[in-house]
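Keep in mind the model is a prediction, meaning the values are calculated, not measured. Here is how names work: the chains are called A, B, and so on, in the same order as the sequence lines, proteins then strands, and each is numbered from 1.
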Amino acid sequence: MEYTITGLIRPGTMVELTGEQINQEITNENGLILVDVFATWCGPCRVIIPQLIDVAKQLDNKIRVVKLDSDQNQEWASQYEVQGLPTLLLIKDGNVIDRLEGAYMSNEIIDFVQQKHR
Amino acid sequence: MNPAKLESYKPEAVMVADGNKADHGYDYDLVVIGGGSGGMAAAKEAALLGAKVALCDFVKPSPEGTTWGLGGTCVNVGCIPKKLFHIGATLRESIQADANFFGISSVGVKPDEMGQPPTLKTDQNWMAVKDNIQNYIRSLNFKYRVGLREKSVQYLNKLASFKDNHTVELVDKKGQTSEITASRFLVATGGRPTPLDCEGGDLAISSDDVFFLDKDPGKTLCVGASYISLECAGFLAGMSKDVTVAVRSILLRGFDRECSERIGDYMKEHGVKFKTKVTPSKLERVENDRIKVTFSDGTDDVYDTVLGAVGRTADTIKLRLESVNVDTNPKNRKIKTINEQSSCPNIYAIGDVMDGCPELTPVAIQAGKALARRLYGGSKEPMDYINICTTVFTPIEYACIGLSEEDAIAKHGKDGIEVYHREFLPLEWSLSRHDSNAFAKILVDAKSSDEQVVGIHYVGPNAGEIMQGYGVSMKNGLTYRQLTDTVGIHPTSSEELVTLSITKSSGDDAAAGGC
């Protein structure tokens, strides 16, 4: 099973993707993706960045960590019913299995991911 | 006649049948064109009442190229940024004017030999203020997008124009076209600033641009004497810019003369320069990216920024209203309506685009909701456009409701009106600003049996907050007796309104006295 379909994500790091690119990644079955929906004007969104980078480092190739600019990808964010920022969407096998709103520390985010995926 | 005695009479809005039926077969029940204050309120209310609604919002960039998100003029280039800049400027000014009188100084600064701290001098960073306000506005754009989705309104970021009275053509920012149909349409496209028509007028920016400037505006000329020009001049001066206002005739046309003049006097005392009885005749670019302005009286000066605020024009030009027989007022291009219904029965209009509508956000919101309730909720209630409070957020604020003194005299005759007035020094300025006074005035119908109040005016700090409550009582037929029977809250500026006793006709001195 390939880690990334688009070839744009490296294990242990977080990248920014467009809605279209994320849709391509989602078609990969058995793969976990964590999408951070953010906006440039949102304070808590900036706070969460180093935490997510740490999550990516710690979970390495067990998960793909990506971020999406909600202003630049309004329809994607709307489709996934994002109401507040930042919203973390945990996607597995093409479905959103959980979501988290607000700024959290990396260990809390890791707990959130592992709770749903054992 | 006292409106309070007419409570059994409820006016009804008579609407022309517009052909709407349950199985109309169109894509939508209602398509709203314009996602501003009025459009969004109407769309959400209609959806709440069960209608299938789409809202088309598209911002045509200003001549400078400025554009913005969902929410309309108020949120992006009007009320919200204006008030935030006004708050920021007032904050800086009051720190500088008052802080030391309250013993406040920067840490480590020694007081003088009388034990008084020196004036707390301040800088104000344009980019920081602008960025923080812009970030807040973008969070509002996001909130409104989510809000429409939550209320099941289809949001289309596309420019709409009429093909026929049941079809609009849509163009998105990439130029791709599409069409949607609806049983009914609501035009709520508002207005845009009218450009300066003198030679070189395109060098001027407008209120569409001033809140986004990515460099300090510097020495600025504000052309116009509307509240937009004075409010912008006010906050720029409060942020220590060198500001000049070019006035063709009078300040704040349509508002009470005495109060408008007090605003002008206060602004002059606080460093704003006024050039009166002039218009700019020519703008030209000179070195260092500055603008040389030649005025109609032959004088000239050089500025970093010229802000044109000479009026607003209804944004109807790209709608293709001719193709659907919607009549507009040739003077201002606004849509003519009766009970918000245009000359084409299934096309409605509210807000700034509607002829005769006061250009205020809460009016558009209320009219939008009332219309939605008439169209989809079985209501017959018209929008009440009488006795709407408003506030001008100039450096000294001015709030009013009802008639100006000039309009009251025109309506009731000079002998038909009694004026109660008083000038006073607000407590918050009493330690420092002895030269600036606030002012309160009410106008009563002298011929009514109980001295019915027909106008209330207040020039002073926190005017908007003060006037709101009086708006409620005005709508319910406030009399002078009821007003002055109300016990004041002490010590406030608002209590001056319920203790007014000096009349203009008595000739007694209404000036602010000593203790």
Side-chain angles (χ1 to χ4, degrees), chain A residues 14 16-24 26 34-52 65-91 94-104 109 112, chain B residues 35 40 43-44 47 53-59 61 66-72 75-77 80-81 84 127-159 170-174 176 178 180 211-212 214:
Chain A
M14 173 171 71
E16 181 173 339
L17 295 185
T18 63
E20 254 180 59
Q21 290 163 340
I22 295 179
N23 287 342
Q24 288 175 49
I26 289 176
L34 184 67
V35 181
D36 163 36
V37 183
F38 75 97
T40 53
W41 42 261
C42 159
C45 298
R46 271 174 258 145
V47 166
I48 208 181
I49 294 296
Q51 304 304 316
L52 288 169
V65 181
V66 303
K67 60 178 181 163
L68 173 117
D69 185 328
S70 63
D71 282 344
Q72 301 300 320
N73 299 275
Q74 287 181 22
E75 276 181 37
W76 196 97
S78 177
Q79 210 187 328
Y80 282 85
E81 294 178 331
V82 172
Q83 299 204 323
L85 300 174
T87 287
L88 297 180
L89 297 168
L90 186 60
I91 301 176
N95 298 310
V96 175
I97 57 171
D98 208 350
R99 62 175 67 208
L100 192 61
E101 235 183 67
Y104 289 88
I109 300 170
F112 159 74
Chain B
M40 280 208 297
K44 288 193 276 194
V53 186
L55 181 144
C56 307
D57 184 73
F58 189 88
V59 180
T66 313
T67 184
W68 49 87
L70 178 64
V75 166
N76 293 287
V77 287
I80 301 295
L84 286 168
M127 294 301 284
V129 177
K130 187 266 299 180
D131 284 344
N132 290 336
I133 291 175
Q134 284 304 324
N135 282 343
Y136 174 65
I137 291 173
R138 284 158 82 184
S139 77
L140 292 180
N141 299 142
F142 174 82
K143 207 176 78 158
Y144 288 124
R145 289 202 306 269
V146 171
L148 285 183
R149 199 182 66 226
E150 277 175 358
K151 298 277 192 301
S152 306
V153 173
Q154 176 75 45
Y155 164 49
L156 300 165
N157 186 208
K158 302 179 185 190
L159 186 67
L170 303 173
V171 187
D172 69 14
K173 60 179 173 226
K174 296 194 187 114
Q176 292 179 312
S178 54
I180 53 172
F211 307 111
F212 293 85
D214 58 7

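Summarising the geometry of A:I109 relative to A:Q51, their closest heavy-atom pair is CD1-CB, 4.3 Å, with the distance given to 0.1 Å. Counting all heavy atoms, side chain and backbone alike, B:N76 lies closest to B:G69 at ND2-O, 3.1 Å. For the pair B:C56 and B:L170, the tightest heavy-atom approach, listed with the atom from each and the gap, is SG-CD2, 3.7 Å. Between B:F211 and B:V77 the shortest heavy-atom distance is CE1-O, 3.4 Å.
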Give the C-alpha distance, both sets of side-chain angles, the deciding distance and a yes or no for side chain to side chain contact (heavy atoms under 4.5 Å, CB included) between A:I49 and A:M14.
CA-CA 9 Å; A:I49 294 296; A:M14 173 171 71; 4.0 Å; yes
Should A:I48 and A:L88 be marked as a side chain to side chain contact (heavy atoms under 4.5 Å, CB included) after you check the CA-CA gap, both sets of side-chain angles, and the distance that decides it?
CA-CA 10 Å; A:I48 208 181; A:L88 297 180; 4.1 Å; yes
Output, in order, the C-alpha distance, side-chain angles, deciding distance and verdict of side chain to side chain contact (heavy atoms under 4.5 Å, CB included) for B:D172 and B:N157.
CA-CA 7 Å; B:D172 69 14; B:N157 186 208; over 6 Å; no
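Between chain B and the residues A:S70, A:S78, A:G84, the most heavy-atom pairs under 4.5 angstrom are made by A:S78.
Contacts of residues 38-47 of chain A with chain B at a heavy-atom distance below 4.5 Å involve A:T40, A:W41, A:R46, listed in sequence order. Heavy-atom proximity under 4.5 angstrom to chain A picks out B:N135, B:R138, B:S139 from residues 129-141 of chain B.
Note that the CG atom of A:L17 and the CG atom of A:D69 stand 12.0 Å from one another [nearest 0.5 Å].
The side chain to side chain donor-acceptor pair (under 3.5 Å) test applied to A:Q74 returns B:R145, not counting sequence neighbours. By the side chain to side chain donor-acceptor pair (under 3.5 Å) test, A:W76 pairs with A:N23, sequence neighbours left out.
The contact between A:E81 and chain B is made by backbone and side chain atoms together, counting heavy-atom distances below 4.5 Å.
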